[in-house]
Number of protein chains: 2
Amino acid sequence: MPSDEDAQQASHKYLKVRDYLVQLTTDELGVGDPIPSERALTQRFGVSRMTIRHAIDSLVSEGLLEKIQGRGTFVSAPRMDFEVRLSTFGEQMHRLGLTASTTVLESGAVAAPAEVASVLGISPGSQVHHLRRQRHADGKPMAVEEAWIPVKLAPALFDDGPPASLYEALRLHGHDPRWGEETLAADSPTDEERHLLDMGGRGAVLRATRRTHADSGAVMFSRACFRGDRYQVWVPLAPPQTPVTPSGATATTTTSKEDS
Amino acid sequence: MPSDEDAQQASHKYLKVRDYLVQLTTDELGVGDPIPSERALTQRFGVSRMTIRHAIDSLVSEGLLEKIQGRGTFVSAPRMDFEVRLSTFGEQMHRLGLTASTTVLESGAVAAPAEVASVLGISPGSQVHHLRRQRHADGKPMAVEEAWIPVKLAPALFDDGPPASLYEALRLHGHDPRWGEETLAADSPTDEERHLLDMGGRGAVLRATRRTHADSGAVMFSRACFRGDRYQVWVPLAPPQTPVTPSGATATTTTSKEDS
DNA sequence: CAGTGGTCTAGACCACCCT
DNA sequence: GGGTGGTCTAGACCACTGA
C-alpha cells in the first residue's frame with residue numbers, strides 16, 4: 001500500500017541485496033569489474049546464500065551482471081537492445097533533438113474503409129475515429145500520417161477534439177498500447193503527398209503501415225508517409241536462429257547442419 | 001563430452017524436471033493449462049522444492065510458462081518475438097516462397113572507400129573484399145547489393161571465387177555473424193539502378209545499409225537497393241519504456257508521469 | 001478454508017578457474 | 001589449493017487465490 005515514490009526499499013531481503021548491487025554497479029564499478037562473491041555478500045547482509053543468488057540471478061537475467069563459473073560475477077557490458085519499441089512521432093523527433101509540431105488535416109468519425117476494417121478485425125463500415133495529420137520537425141514537413149481507431153473501443157476519445165497524442169489518449173481510455181507491427185516500404189509520393197511534404201519533382205517516400213495492439217487486441221491502424229530524404233529507420237538485427245529449447249545451461253553450440 | 005544428439009538427458013535433476021515439463025507442455029497441455037503444482041512435482045521426482053522451482057523458473061524466463069501467485073503455473077501463449085533477425089537474401093526469399101538467384105556484377109579486392117573504412121573501423125585505403133551482386137526472386141530483378149569485408153579478417157575468403165553466401169563464408173572463416181544494424185531509407189534510384197532493377201521512369205527504391213558484427217567486431221558493411229514495389233520490411237515493435245530497474249517482483253504498474 | 005506460489009534458512013558437495 | 005559459482009536438501013512461514 002505504501003504509494004511512496006522511490007524508497008520502496010523492499011521488505012524482501014533479496015530486494016535489498018538487489019538494490020545494493022544495482023547501486024554498486026552503477027556508482028562504483030565499471031564494466032568488467034567483479035562484484036563481491038556470493039559468500040561475501042552472505043556475510044555482509046546476514047542472509048543465506050540462496051537469497052543472495054536470487055538477487056544476483058534477477059540481475060543476470062536483466063543483463064546487468066554476468067556469471068562465470070569458477071571466476072566470479074561481473075558487471076556486464078550494457079547489452080544490445082534488439083527490440084525496436086513502440087514510439088510516437090514526438091518521441092522519435094525528441095530523440096533526434098528536433099522539435100515536433102503537428103497540423104491536423106482531418107478529424108472525426110467515419111465508416112471504416114475495407115482495409116482498415118480488415119486489419120483491425122472489425123466489420124467494414126463500422127464507425128472509426130479518423131485523424132489525418134501533417135507532421136513537422138523543426139517546422140519542416142516530415143510526414144503525413146493517418147490513423148483509425150474503432151469508436152467502440154473508446155467512444156469519447158475525440159470528445160475534446162483530436163488528442164495531441166493518440167497513444168496517450170488510448171492509454172487514458174484503458175487501451176494501453178502494448179506492442180505493434182510495422183511494415184516499411186519505399187514508394188513514390190502521390191501528388192497530394194508531394195505537395196504536403198513540400199517535395200520537388202522527384203523523390204521517394206517511406207511508407208510505414210502500423211497496427212498497434214493493446215491487451216484487448218488491435219486498437220489502431222495507421223499509415224505514415226515520410227519524406228525519404230529526411231527520415232530513416234534504424235533496425236537492430238538479432239542473431240539468427242532461435243534455439244527452440246535453449247535452456248541456458250546446456251547448449252553446446254549445436255552445430256546445426258545447413259544447406260542454404 | 002558426450003557428443004550425442006538428443007539424449008543429453010542431463011545429469012542435473014533440475015534439467016530432468018525441465019525436460020519433463022517441456023515435454024508435458026508441448027505434448028499434452030495447451031495454452032492456459034496449469035502444470036502440476038510445485039509440491040506435486042516434488043513428490044513425483046523426489047527432489048526438493050527449490051530444485052523444482054529452478055526448473056520452472058528457467059522455463060518462465062524463456063516465456064514457456066507463466067506463474068500466478070496463489071493460482072498456479074500455466075502454459076503461456078507463445079510470446080511475440082520482438083526481434084528482427086540477421087538473415088540473408090536467400091533466406092528472406094525462401095520465407096516468401098520465392099526462388100532466389102544471383103548475378104555477380106563485380107568481385108575482387110579493392111582499397112576501402114572512406115565511408116566503408118569508417119564504418120568498419122579500418123584504415124581508409126586498406127584492402128577489402130568487394131562483391132557487387134544483382135539479386136533476383138523468381139527470375140525478376142529485386143535488388144542490387146554491394147558488400148565489403150576487410151581482407152585482413154579472412155584473406156582467403158574469395159580464393160574459390162565469390163562465395164554464394166557471404167554469411168556462410170564468414171562463418172567458415174571463423175567470423176560467425178552475430179548481430180547487425182540496418183538503416184532503411186527510401187530514395188530515388190540512380191539511372192544504373194533503374195536499369196539493373198528493370199524499373200520504369202518513376203518508382204522508388206528502399207536502401208538498406210547494414211553493418212554486420214561477429215564476436216571479433218564489425219566484419220562486413222553492405223548496401224542493398226531494393227525495388228520499392230517488390231520489397232517491404234516487417235518490424236515488430238516492443239512495448240515502450242524499459243523500466244530501468246524493473247526487478248520482476250515489484251512493479252505495481254508504475255504510473256509514470258508523462259507530458260508528451 | 002485448503003492450495004498455490006514467494007521468500008528464506010543453514011548447511012552440503014561438486015565443477016571450474018587461477019595461481 | 002583456495003576461491004568462485006552450480007546444484008541440492010528438508011524443512012519453514014508468508015501472501016495470495018478460490019471455493
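Residue numbers start from 1 in every chain, and the chains themselves are labelled A, B, ... in the order their sequence lines are given, proteins ahead of strands.
Contact annotation: T73(B) does not reach the phosphate of dT4(C) (side-chain N/O to OP1 or OP2, under 4.0 Å). Between H54(A) and dC8(C) there is no side-chain polar atom (N or O) within less than 4.0 angstrom of OP1 or OP2. Using a 4.0 Å cut-off, some side-chain N or O of R53(B) falls inside it from OP1 or OP2 of dG6(C). For the OP1/OP2 pair of dG6(D) and a distance below 4.0 Å, the side-chain nitrogens and oxygens of K67(A) include at least one atom meeting the criterion.
The bend of the helix from dC1(C)-dG18(D) to dC18(C)-dG1(D), defined by the angle between the axes of its first five and last five pairs, stands at 20° to the nearest 10°.
When distances are taken from the side chain of K13(B) to each of dT9(D), dA12(D), dC8(C), the shortest belongs to dT9(D). The side chain of S48(B) lies closest to dA10(D) when the candidates are dG5(D), dG6(C), dA10(D). Proximity note for H12(B) (side chain, C-beta onward) versus dC8(D), dG5(C), dC8(C): the nearest is dC8(D).
Remark: R85(B) does not engage E91(B) in a salt bridge, criterion side-chain N to carboxylate O under 4.0 Å. Classification of R223(A) and E115(A) as a salt-bridged pair holds, one side-chain N sitting under 4.0 Å from a carboxylate O. A salt bridge links R53(B) with E38(B): the distance from a Lys NZ or Arg NE/NH1/NH2 to an Asp or Glu carboxylate oxygen falls below 4.0 Å.
Looking at residues 36-47 of chain B, you'll see S37(B), E38(B), R39(B) sit with a heavy atom under 4.0 Å from some atom of DNA chain C.
Between R49(A) atom CZ and dA12(C) atom P there is a gap of 13 Å when expressed in whole angstrom units.
Put simply, the residue from L41(A), L21(A), I35(A) that forms a side-chain contact (heavy atoms from CB on, under 4.5 Å) with T73(A) is I35(A).
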Protein-nucleotides 15-19 of chain C N/O pairs closer than 3.5 Å?
| unit_1 | atom_1 | unit_2 | atom_2 | d |
| --- | --- | --- | --- | --- |
| dA15(C) | N3 | Q69(A) | OE1 | 3.2 |
| dC16(C) | O4' | Q69(A) | OE1 | 3.4 |

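Rounding to the nearest 0.5 Å gives a distance of 13.0 Å between CG of L59(A) and CD of E66(A).
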